[in-house]
Structures are given as C-alpha cells and as structure tokens.
Amino acid sequence: MHAGEQHGSGANDLWVVLIPLSAFALLAWGLTAYSLPWTFALPWAPSLGIELAFHIDGLSAQMLALITGIGVLVFTYACGYLAGKPRRGRVYFVLPLFMLAMMGAVSADDVILLFLFWEMTSITSFLLVGFNHEDPHARASARQALLITMGGGLAMLGGLLLLAQMAGVYTLSGIIAAAPGFMDDPRLHLAITLVLLGAFTKSAQFPFHFWLPNAMSAPTPVSAYLHSATMVKLGIYLMLRLDPAFNDLLFWEVLLVGTGAITALWASVLALRERDLKRILARSTVAALGTLTLLVGLPSPGAGLAAVAFLFAHAVYKAPLFMVAGNIDHATGTRIIDKVTGLRRYMPWSAAAALLAGLSMAGLPLAFGFVSKDLMSIAKSEADLLALLSWTLVLVNATAVAVAAVAAVRVFWGRVETPIGPVREVPWTMLAPPLFIALLGIEFEIVPHLADPLLIAAAGVVSPDLRSVEISASYDLSTLFSALGLTAGIGILLYIAWDRLHDRLHRIHWLDRYGPEATYDFLLHGLARLAAWHTRALQHGRLSGYLRLTLAALIAITVFAAWQGEGRLTVDGYWPDHAWAWLVACSVMLAGALSTLFLQDRLALLMASGLVGYGAALLFLFAGAPDLAFTQFMVETILVVVAAAVLPRFGADPYRAEGTRWGDLALAVAAGLGVIALLLHLQGFPVDSTLPEWFAGQALPAAQGHNVVNVIIVDFRALDTLGEIAVVAFSLLAALPLLRRDKGARDHAERAGNPP
Amino acid sequence: MTFDPMHLIPVAPELFLLTAACAILVIDLFLKDEQREATYILAQIALIGTASLALLVGGGERQVVFSGSVIRDGMTDLLKASICVIAFGAFLYAKEYLKDRNLFKGEFYTLGMFAVIGMLIMVSAGDFLTVYLGLELLSLSLYALVAFDRESGRGSEAAMKYFVLGAIASGMLLYGISMIYGATGSISFAGIAEAIANDAVNNTIMVFGTVFVVIGLAFKFGAVPFHMWAPDVYDGAPTAVTMIIASAPKIAAVAMAIRILGEGLGGINADWQGMLVILAVLSMALGNVVAIAQSNIKRMLAYSTISHVGFIFLGLLAGSQSGYASAMFYAITYALTALGAFGIIILLSRKGFEADRLDDFRGLNQRSPWFAAMMLLLMFSMAGVPPTVGFFAKLFVLEAAIRVDLTWLAIVAVFFSVIGAFYYLRIVKLMYFDKPADSAPLQAGMDTQIALSVNGLAMLALGIYPAGLMAWCVAAVA
C-alpha cells in the first residue's frame, strides 16, 4: 500500500479473531481445570500400529499457549493490514488452518501424526507466503520455502520411522522411553541425522537458513506469526522434545551445538548486510534460532530451561517488531532503512511499540541468567571450547542489540529528512497488537518469574531432573550484569558503525556467489538442465535409438547376471544328426539377416526377413519339431504376402541407410555373442525330460501311433492344432480386404472426396 | 483332467465380461451413429456387473481351479473389483472427449473391455501360460487403442513404437518362462515354488530365466531402462486412451509381479531383489528428474508414472507380506489418482483443443475453483503430501523397505520424492498463482463433474481413513 492510502481498520473482519481466541480460552480453562499431561488416542491404521495419539505436557502446553495467544494478536493485526485488499479471504481461510496444523504438530504423540501436521504447516505457509502472487519473487520464495521445509520434513519422516523401528513403538513418548535400549544400534546416528535435517530445515539452521529471509515477501502478519513466533520454532520444539532421549549422546550434542553456533554467527554477520528492515529482522530471527539450537544441545539442565525461556521471550519481542516493520511499510510504502527516518512524529504509537519491543530484545541476556552459572561451572573443565561459545553468544547478542536499535531507534528517532509523502499513523487494529505483546515482553524480561509456572512445566519435560528450587538458585545476578554490560557495549558500537560495516560487507560479492543459496539455485537449475538434456539426447522419439538402448540394457543386465551366477561357462557341445541340414538352415538365416543390412528397397527387405523365418522353419523341421516348422512356414508366407500387398501403398521409400554405424555393429556382435555364450552355457545342463519321455511312452499305448510327432499334433494336442489352423484361417480372412487393393484404393478416394 | 462346472464359478467375472464384450461388439454393428450412446451404457453395465460378480463369487477360502491355471483368492477379489471401477471411470471420462473428436465408436469400448478381460486374467493367473495370455490380450488391445485415432500420425507412430518394444518384452518374458520351465519342470507358480523349496532346480538356468522374466515385467511396468515407450505413447495416444494405459494396467502388473515373483519365485528372493533395487532406483531417479523438464502434461505424467513404478518396486522387492500389500495399496491408489488427473485434462480439453500443455492449467482457480481444488488434491496425492492418500501409499512402501533393512533405499526414495514434489507443485502454482491464458468456461456433463469430484475427494477420504483399504490389501496377500 502506498503512502497515505488508508483502507480503514478492517474491524469488519474481526470475527476471525474468535478462532484463536476460543482456542486460547479453551487452553487456559483446560490448564486450570486439569493437570498435565493430557493424553488420548484413537485407532487409525491398525495394520501398521499407527494411531491418532496426542500427548500434551508442559512443553506442548507452552507451545500451544504461544500459538493461540500470539494468534489472537496476529489475527487482529491481519484484519487491519489486509483491510480492503482483494483475496484477503484466502488468508482468513488458510491462517486458521495453519494454526490448527501448528497445534496438532506440538500435541501429536504419534510420529506419523507429527509428520502430517508438520507438512501441513509447510503447505499452508506456502499458500500464505505466495499471497502476493503477482510478484514473481514472492512465488519463487514460496516455492523455495516449501521445497526446503518439505524435503526436510520427509527426511525427518525417514528418521522417525527408523527410530520407531528401533524402539518398536510409533509414539514419541514411547521412543523416548525406549531410547536407552537402542543407544548402540548402528542405525541410530543415521536416524538422528535425518530427524535433525527436518528440524534444521524448519528452523532455518545453516546451511538451510536462506529460505527464511526470502520468505519475507509474505504479508507482514504472516511473517510475524509463522517466521518469528511459531512455525520456525517447530524444529526447536522437536529438538527439545527429543533432547531427554539423546542428551548424553556426544553426536547429538556436537551436531546441535555446532550447527547452532555457526547459524547464529553467520546470520548475525548477514544481518549487517541487509537494508530492508524486515530482512534484517529475519536474519536476526535466524540468529536467535541458532542460539536456541545451541542451547538445546548443551548438556546442562539449566540450558534446557534457558532454551524454553528464550523461545518464549523471542516470540514476544520479535512478533511486535515485525508488526512495526509492517506498519512502516503500510504507512510509507517502503522498508528500506535509509529511506525512512524520524517517523516518530507521524507514527507515535508505532514508535512506542517499537521502543518497548526493542528494549526487551536488547535485554535479552537476562534470560541467559539461567544458563550463565552452569556455563561457568562447566567452563573450568572444558574452558577453551566453552569460552569460544560464550564469545559467540556475546557477539550474537550484541548484534541483536544493534538490530533492536535499528528497528526501534534509527527509523523513528533519527534525523527528520525529506518525508516520502503524507505519512499517517496506521489504524488501531495494527497498533494494539504490537503494543500489547511488547508490554507483555517487557514484563517478562524484568520479572522473569511471572511466567514461571508454564516455563517450569515446559523445562521439566526437557530436563526431567530439574527442580524448581534449582531454577532460582541457578539464577545468578552478578555474572549476568557483567555479561549484559559487555553485550550492550558491543551492541551499541555495532549500531554506530552499522553503515560502515554494511558498506564493507555489502562489497563482498562472493558471499552471494558461493553461499548455500547459490548452491540451491545451482542445483535447481542443474536439475532442469539435466532433465532437458536427457529429453534431447535419449527421449528423441526415434525407435531405432530406443531399440539400441534397450538392447544395451539387456546385454548389460544379462552379463551382470552371468557374472553374479555361480556357474562357469561350460561347453558341452554335440554334433546333431542331420548336420548338413542344420548348416543349410543356418546359412539361409544368416543370408537373410545380412541382406537386411545392405538392401534398401522395401520389398527386397521384406523378402530378406522372410528368408530368416524360412531358415528357422527349416531348422525346426530337422530338429524334431515338424509341427512347429509347418506353422512357421505358414505364418511366414502369409506375413510376406500380406505385407507385400500393403507396402506399395505407402508411396516413396523414405528409408536410407546412414552409412556405417559402428556402434550398432558392436551392439549386434555383443548381443549375438551373448546369446551364443548363453546357449552354450545352457547346453551343459541336463534339461527336464519328463514330457518327452511321457509322450514317447504314451504314443503307442494311448494313441495307437508309431510316429510320436504325428501323435502329438493330431492327438495329444489336437485342440491346439485346431486352434492354430483356426487362427491362420481367421488372419487370412482379416487380410483379405487388404489384398483386394483396387477396392481399398477406391474406398480411400471416396473418403478423401467426401470428408465426413 | 475332468471338467467340473463348479470350476467356472471362480472365473465367472471373466466369462461374464467376455460374453458381454462379444455381445456388445455385435449389437454395436446394428446401431446408428446417433444411437452409439447405447454401446457406452451397455459397456458400463457390463463393467459394473463384472465388479459385482467378482465380489459376489469372492470371499472365503482360496480356490485353485483348472489344474492350477486359475486362482481365486482375496487378491483377485480386491484387484478385479478395483480394475473394473477404474475402467468404469475411464470410460465415463472418455465419453465426451471421444464425441468431440469424432472418435465415439463402439470399438473404443469393446477394445477397452477386452483389455479389462486381459487384466482380470493376469490377476487370477496361477501359471505362466495364463498370465501370458492375459498380458497379451491386454497389450494387443492397448496397441490397437493407441492407434485408435486413425487420422493421427502421432498416434500411429506411438502405437508402432509401443508394439515393437512391447513385442520384444513379450519375447523376453517367454524366453525367461521357457528357461524357468526347463529348470523346474513346471509352469505353474505353485509347482515352481515347490521345486525351489525342494532344491530340485538348476540354479544357473533359474537365474537367467528370472533375469529375463524380470526384464519382461520391467518393460510392461515401464521401469527404467525399459521405459522409453512410455512418454511417446502417453503423448501420442488420444488422452482418453492414455488414461486407460496409465491407470488400471498398473494394478494388473502388480498382481502379475506378486504372482510370479512372490508365489512362484519367492524362494529365490535374493536373486531378483538386487535387480529390482536397481530398476527401482533408476526409475525413481530418472522419472522424477526428467519430469521437471516437460512442458507437456501427458509427457510429465508419463515420467511421473515411471517414478511411481519405482515406488511400487520398492514394495515388491521387500518380498514380504507387508511389502506386497503396500505395493498393492500403492498401485490401486495410484491408478485412482492417475485416472483423476487425466480426467481433469479431459475436462479442460474441448472440441478442437487439447489441454495437454502445462500452461493450459494457468489460472484454473479463477475459471473453476472447485476443479482446481480437485486437481490440487490429485497433485498432492501424487506428490505424497499428507493427508492425501498418496502420502500413505508412500509411507507403507517405505515402511516395508525399512522392515527388511533396506533403509538406504528408503532414504533414496525419500530424496527423489522431494524432487518429485517440485513438478507436481508447479501445476498447483500455475493453477493458483498465475493468470488464466484462456477464459473459456469448462464444459462437462453432470456425470463427469460428479465422478471427478468423487475421484478428487477420494484422495482426501482415503488419506484420512487409509485403514480400510490397507486392511483389505493386507488380508488379500495373507
């Protein structure tokens, strides 16, 4: 929307808020009336042991509270943001679906059910990100987000199925309970890697982080809800959920801490390269997600609590910041931080909300009070590594401070330069939600114990050994304030140097050329190129090429089978009775086959191929199968005659040999040699002789005939013979119209003359 | 062999359909062009009758009749009924397409019915001879159907390619059968299994025989590297025929594979498992990757079929009861999905216009939100997106592979299905995010519209409640 263009508050659409509101009320009522955990299960696909199993414990309840609570505010905000836009009905339809999918994902116990809801969040987010579908960038990023998260989700499914296989149950709770039993399973590392692929892609961890900033082309309420508060936390949720099972596993720790640290640092650096306010916020969200992954990976129980607390805190300060960015966009038509300064005069309420949220973002290290003491105590033994981690955290948090300053101070309190146009404050539906959440966040930051009951319930799931007493004991103020000071100091320095750092970083072009995103693009295009090449090179539509490939594959597979087979090539040849006849028959066939290579006239080709058939018939005749020989003679004759009658109607002969084709020659020789080898090979084995013996034995007593062949044809297989004769007769009848050329040609002319 | 009339009961569906097809063939001769509708209605009644008969004579103990050539068991009941239902849908969708193109002739339906008889025979075959007869009846009917539009050069070319390559495949299959017969002295699957169990076979001949039989099977399935006919035939044939080729024969092929590989050669599972693994990986890889480059939706669906065949092989090669059940589930639901997808293509086509380019799907949501939603469900199901049935089909197959410790193969399959999602979603993107290039309203009779809606919604319904069909499949192979 452009500057000054206002579409009212969208209060007419506010009924949609009832959906998250009623869910939130239901949850609140449930939490007060019934104690956690709640479980229930219904049979679903019993043949596989899959059921509709839900298990809601402290962790799930915390996520549910976030999803529904923030949902209320985001839905309200969306009414104002989308007021007057066409197709907003689609958002109002998909957003609740997304919310349901999220609620299902965090309360599912069955792994299949979890996957189902997990993918549903990906698909609904695809539809939401692609909302502005006139914009090709929005479409591309919607697809990118979907491909990456859905691919990760499928990998996760593989991992979960493996875990279920090892544990023997399909529920998460069952897998966690059975985990100590399969710690030595060789497939464990593979399963964990696969599950983490799902979590990492969903939570935008390095090297899959790039989809999140790109997804910022989504409408702002969607970004605030999906890309900061809820969906991207799903991966973190899954890691938290599985943490009790794999907490002691070094593989799990290293993977989580390593990926988390790299993600956090990398995203912080990249945040400095952006000038779009929303993308800056997205980068800092990635950094926060990295920090969360790192925290989950740390083995201390305090880390679990810190992760849960941070997860909650991040949602309550990042969502309002996104909303404020949306307000700026809505009011001025741009989100580039160089173009908007001093907006506080025009948008005082947005400025207030931004300031509150920014304060709570900068005060973030408070949440780390929980973990700091643990870190210090472990640090004595593994000082170097953890010192590195601590510095990483300080740097990441400092960037967070700088980002908060940019979002809250720079755009609102900077020098007033020439305004872009008449800028007015946004309607109340877009102001109340960020203000409300930001106030909540401040309260939570200053008095962290307010949210204690929920946090402790959630942390208790992650670290079952944790007692509430330990929580307050581990909260250490003195180390906290020193950390806070350091972070704030570096953060302010970063803020002051923002423009210079930005210029410096922006000039490093290889970041764009070789990053994971470039790899993604390269692979995507590579795939398309590969597919196009295949179509050109192999699926060209020429039958001769297909035959070539088929023959080559045949030879390859047969050779493979022969090579694998146990038998050796044993030649146990014998000299047949009528050797001269065999030779003649084979020469006829060979002559026919070779002539097809050199002849160009169609009729001559037909004759040559008929020669092959006659040769075969001759062979049958002397190999003791006269019935077969007669059939062969008959079929071959009819074929040649009928084909010869039809062929001249096709007009000029388009067939031309393309010179010597050495590849075809090689293929033909290989196929021929292969068949010879196979036959020689088979010759060495005794063939089942039940039938010949039976026919020979029964010919005289049962059929009163001395000639076994005759008896077979007219007696034992009389019906077969009758059938064969009938088939030949029928095919002749069918060929009759073809042979009556003149009539056919006249018919054709008639049809051409009078089109239907 | 003594003849017992009771032996005819298990083959009653085939006999009924054969009689009906012959009768309809003759009746059709006496109909005028404007009465052609009668042929269609009779054919549909024949299919419904066959399906009902299959279920009526079905149930209960496994019956083996005609000296072991014909089997009737849970598998035949389920698969015969599904084949008839799919063919019913194909005939229904095809009607208006054929009318618009002057192809509404009795031959389409009689050839189609003969193809169905071939499939039914393949399903109930108890020996190699019967299975081959069924296969050839199916194949020959299909070759003729592909060239059904005699004015179309592309159709004739496709039919020629199909025929030549199909004949080679049949030759391979027969060659393999003869070797297996030589090694075991039997052509009935039970007899072969017994010979293998008694260790009374010549291993080398057996291995070669199996290799050739598997190659023949791979051809008929359209598995890589024996897939070359598929894209050209799918593209060249009239869409109504492509719809038949792409759907029901896959069910029959699975039945054939289960009978041959499971019931006959189950004892030498290790010998054919490796081959099937290679074929499955190649099919999933090539099918999914190459589909991306297609701008023609019929060709795209051909490659998609190839990749789905890879998944079906995944279930088959597990060689376990659950593997066969999952392959069967996959084939049935895939046939239903393919039927619906081609139904939508036919819905978008009209007189003088073939909606066979991907671009024809642009902005379908604005032209008809309801059928765009149906296509969305069908594409999601093909891509394996939950909660559509395609997801469960993939899940059951992967599960079967993991159960026999082929985890790496399951992961490969997952990887390629991610790539696969790419091109199915491209259609979704075109329908929902692009502007329509063509604003002509969709024309379709009420029957087609209802059938397509049922077909699309079935993707969702079977996905939400997969237990029923799955239990049936499990019972069928037990």
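Reminder, nothing fancy here: chain letters follow the sequence lines and each chain counts from 1.
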Residue pair A:Ile123, B:Phe380: steps toward the side-chain contact (heavy atoms from CB on, under 4.5 Å) verdict:
CA-CA 10 Å; A:Ile123 292 160; B:Phe380 274 6; 3.8 Å; yes
Steps toward side-chain contact (heavy atoms from CB on, under 4.5 Å) verdict (B:Glu399, A:Leu161)
CA-CA 7 Å; B:Glu399 181 82 41; A:Leu161 283 179; 3.4 Å; yes
Run the side-chain contact (heavy atoms from CB on, under 4.5 Å) check on B:Leu395 and A:Phe115 step by step: do they pass?
CA-CA 11 Å; B:Leu395 177 69; A:Phe115 170 76; over 6 Å; no
Please evaluate residues A:Ile557 and B:Val214 with respect to the criterion side-chain contact (heavy atoms from CB on, under 4.5 Å), reporting the C-alpha separation (whole Å), side-chain torsions for both, the decisive distance (0.1 Å), and the verdict.
CA-CA 10 Å; A:Ile557 292 179; B:Val214 169; over 6 Å; no
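Residue A:Ala552 does not touch chain B at all, counting heavy-atom pairs closer than 4.5 Å. Neither the backbone nor the side chain of B:Tyr162 comes within contact range of chain A, judged by heavy atoms closer than 4.5 Å. In this structure, the portion of B:Lys435 lying under 4.5 Å from any heavy atom of chain A is its side chain and not its backbone. Only the side chain of B:Asp434 comes within less than 4.5 Å of a heavy atom of chain A; its backbone N, CA, C and O stay farther away. With a 4.5 Å cut-off on non-hydrogen atoms, B:Ile168 touches chain A through its side chain but not through its backbone. With a 4.5 Å cut-off on non-hydrogen atoms, B:Arg426 does not touch chain A at all. For B:Phe391, the part sitting under 4.5 Å from any heavy atom of chain A is the side chain, from C-beta outward, and nothing else. For chain A, the nearby parts of B:Val289 are the backbone and the side chain; heavy atoms of each come within less than 4.5 Å. Interface residue A:Thr558: backbone and side-chain heavy atoms are both found under 4.5 Å from chain B. Looking at B:Asp405, the atoms closer than 4.5 Å to chain A (heavy atoms on both sides) all sit in the side chain, from C-beta outward. Only the side chain of A:Arg90 has a heavy atom closer than 4.5 Å to any heavy atom of chain B.
Between chain A and the options B:Phe392, B:Trp229, B:Phe219, the largest number of non-hydrogen pairs under 4.5 Å is found for B:Phe392. Note on B:Pro231, B:Ala421, B:Ala291, B:Pro225: by heavy-atom pairs under 4.5 Å with chain A, the leading option is B:Pro231. Heavy-atom pairs under 4.5 Å with chain B were tallied for A:Leu157, A:Leu554, A:Leu162; the largest tally goes to A:Leu554.
Contact check for A:Leu547 versus B:Leu165: side-chain heavy atoms found under the 4.5 Å cut-off. A 4.5 Å side-chain heavy-atom check between B:Phe226 and A:Leu549 finds every atom pair outside the cut-off. Side chains of A:Met150 and B:Phe422 form no contact here, defined as non-hydrogen atoms less than 4.5 Å apart. Side-chain contact between A:Arg143 and B:Leu425: absent, with no pair of heavy atoms (C-beta onward) separated by less than 4.5 Å.
Here the shortest heavy-atom pairing between B:Met228 and A:Tyr546 reads CE-O, 3.3 Å. Pairing each heavy atom of B:Val290 with each of A:Ala531, the nearest pair is CA-CB, 3.6 Å.
Atom CE of A:Met166 is separated from atom CD1 of B:Ile402 by 9.5 Å, given to the nearest 0.5 angstrom. Between atom NZ of residue B:Lys394 and atom CG of residue A:Leu154 there is a gap of 9.0 Å, rounded to the nearest 0.5 Å.
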Donor-acceptor pairs under 3.5 Å, side chain of residues 471-478 of chain B to any protein atom, not counting sequence neighbours: which ones?
none

Quiz: residues 406-415 of chain B side-chain donor-acceptor pairs under 3.5 angstrom, not counting sequence neighbours:
none

